[in-house]
Each structure stands twice: as structure tokens, then as C-alpha cells.
Protein chains: 2
Amino acid sequence: DIMEKIITLLVPEKDLSGLTVIVTAGPTVEPIDPVRYLSNRSSGKMGYAMACAAARRGARVILISGPTSLKPPHGVELIRVETALQMYDAVMEHFPGADVVVKSAAVADYRPKAVSPQKIKKHGRDLTIELEKNPDILAELGRRKKHQILVGFAAETEELETNARQKLESKNLDLLVANDVTQPGAGFGSDTNIARLVYPGGRTVPLPKMDKLLLAHRILDEVQALRKVQQ
Amino acid sequence: DIMEKIITLLVPEKDLSGLTVIVTAGPTVEPIDPVRYLSNRSSGKMGYAMACAAARRGARVILISGPTSLKPPHGVELIRVETALQMYDAVMEHFPGADVVVKSAAVADYRPKAVSPQKIKKHGRDLTIELEKNPDILAELGRRKKHQILVGFAAETEELETNARQKLESKNLDLLVANDVTQPGAGFGSDTNIARLVYPGGRTVPLPKMDKLLLAHRILDEVQALRKVQQ
């Protein structure tokens, strides 16, 4: 679209050439039975914008995406997954060869303990679904990481900065992009985002409301800065 | 699209002029917290095809739709809802003035008992979601119906005919469209459907795989036949 063309004019360099960037995007879908599922309101827009921006800047991009209605950006390798377990497997498979991982997917923390092979018939007034924890992909990447730059996202509805800071540290991230999804113009489904960049050691940079593609480029600028510090 | 144009040529009459048709479509979304929800795999395609067909045939169409990525058909009144309770309210509001109700939505049978106003933080290995039953819209319409023709859908994964017959009778329907969503080319997300028409008294008519818009017209033919018997 026109916004993408304008932004591409502003960021013309192929400064990520030779790098492999994994981007995860979208929600995961956790089946309860063949018809019903648990999911979340992630549209995938932020992740697809990250993949688009990284590809324009010359990176090899592996986009690992949960179900979305978005068109995959030109020139990225798309791996479609549905559940958190499938996303875990796909990310771990490609992680050793990656230089940068941007984890913008909203992965379900929990999945139903038992998936019914048949549609559950309704019976009785109440029903209880037992859930068990999904593996924490970001925390596992934080444990495994060597040279990789690890960028996480935090969608919060309260105590944004405290929660974000804790997530950054507990998961050994290099950068966390925090946003309060309750604000208009921020978060799920929106074309814009209002983010706060959170760095190890406590520095935070609040950003104004901006187009998700522009924010994606801003995040990649930060990734480049982090890579230079590392070298 | 081209299929719609061809089918419109085949069914040119405005034989539903003067009638008000309510069509429900899509899934419902039942929030767990501001981010997470329970839903199901309904794409809304069958319901949107029903609304499109009824509008082409001259009916006033009120399309009550859960979240879908579909473009609403030209000339229908669209009411967007999210939860089963919202769909219940919208359907009951318009039911007294309706002549035909086609209930193609896949309404969640259960909703979370408590909706957390804040995003639930993960803690502990397991989690239990307590659900309570949503009102049964179709059964309530069956109780309230006077002159209205009531068409229901049943998406089944096993014992198609037994389950369909029981649904038809317990809900006082005039026609039930049953389909086995496990078959390729049938059910959720597909552009085609493989349906079986089930009538009160036990008659069933299996239909071949067909485009959902063509099936929609076939169902409206049946509705017209039922209206003539009634008069």
C-alpha cells in the first residue's frame, strides 16, 4: 500500500543483508474438539509488519505464523502453524541458524489438557475445561541463545512497565516492546501501535503512536544498534 | 464473483419479495479476559451465502453475524455481534417481525462464568476455566414461533442423522440442514458443502457436494415449499 511505499523510500538500505531473521506472528489456536478452540485477539499485523520490514532491508526472513487473514509479505518464507506446540517446534528448528528472533506472536499460555476427537455435545448447565501450560518459547530461546538478538513483545492491560521489565529479565531478552492494548490506537487489530521500548538494565523509551510498519523499522534500527554493541 | 453471477442467472425471480428473513452467521466469540477467548471454526460463509441468496430473491434480509472476515452481501442489513448473549438479544428483537429465520451461526454453547477485566497472568502449571451454558437461541425460537419458518443447521462429527433428527424435534424446527464437517468439501471454511436436509416426520434428502450459494438457493426453495404447505 501507499504507507509501505513511503516507508520503503525512507529506509532504502539493505542493512540486514546476510542475516537470518525469524519473526513469529499472530495468535495460536488451541483445539478443544474438532470445532471449538481457545485463541486470542492477535491480528498478526505487528509480526507481518516486522517480516515485511526485515525483508525490505535484505534479511532472509522466516515468518512463523499462527492463523491470520493477512497476506504474507513478498519475499519471506512463511511457515504456517496452529498451536503453541507447533510454533515451539518450528521456532526451535530454525533458531540455531538465526541471527535475530522477533517474537511478536501471541502464543497461548495454556492448552486444553485433552482434545476431544469428536465434537463435545452439550449436557448439563456447567462445564469445566482443564488446561495445562504450554512451553514458554521465549524463555527457552533466552536459555539457548548464543549470538542471537532476542526481541520480545508484551501486550499488557495493567502495570505495563513492571510486567514488561520482569518479562525482559526473566526471559533473557535483548529488547522488549511493550504496549498497553487497552489504549486506542495500540495493540490487537489496529494498524498503529503505541509502544515502549524496554532495555536490559532499566532504560525505557516511550514512542509516540505510529504505523506498525514504521514501528517495525524502528525496532530493526534498535536491533542493528544492539548487534554493533555485541560485536 | 463469477459463481454468484451464474447462480443469479439461474434463479432470477424475486419470489421472496415482501418477506423478512433473519439470517445468523459466523461463530460467536466468548471472552475469557480482554485478550483471550473461546470460539469455533465457523467461517460465516454458509450464512453469508444464505443472506446473499435471500436478498437476490427480493427479501428484506437482517444478517446477524459474529466476527468473520467476509464482506457483507449487498443490500442486507448487517448487525454485528460478538457473544452468544448479544446474538440472542439481536435475534429476539427482530423475530416478531420476521417470516423466516435461518440459523446458520455456530453459537457457542458455553461461555466463561467470569470474564476477567484484566489479562490473566500465567501462574502454575494448570488452569481451569469454568463455563456456563449460553441460552439456546434456536430452542427459544422454536418455543416462540407463530407463522415463522425456522431453519436450523447442524454441524456434526459423528452420528449425523441421529443427532440431526433429535435437534430438529427438540427445537421445533421446520427444516434442518445437517452436514458432517469431517468430510472434505463440507463445513467450516469450505466454499462448498455436503448437506442432508432433514424434515419433521423423518424424511431426509441427501444432497451432493455443491457451492454454498447454490445450497442457499436450494434451502430457500424448500422454505418456499414449506410456506405454501402452511398457507
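Proteins get letters first, then strands, A, B, ... in listed order; numbering begins at 1 in each.
Heavy atoms closer than 4.5 Å to chain A are found in both the backbone and the side chain of B/A155. With a threshold of 4.5 angstrom between heavy atoms, B/Y110 approaches chain A through side-chain atoms but not through N, CA, C or O.
Comparing A/R36, A/R125, A/Q118 by heavy-atom pairs within less than 4.5 Å of chain B, the highest count is held by A/Q118. Between chain B and the options A/N163, A/I129, A/D33, heavy-atom pairs under 4.5 Å are most frequent for A/I129.
In summary, A/R196 and A/D180 do not engage in a salt bridge, as defined by a charged side-chain N under 4.0 Å from a carboxylate O. Checked for salt-bridge contact, B/E161 and B/R165 meet the test: a charged N lies under 4.0 Å from a carboxylate O. Under a 4.0 Å N-O distance rule, the pair A/D126/B/K133 does not qualify as a salt bridge.
Between the side chain of A/E93 and the main chain of A/D89, no donor-acceptor pair closer than 3.5 Å is present.
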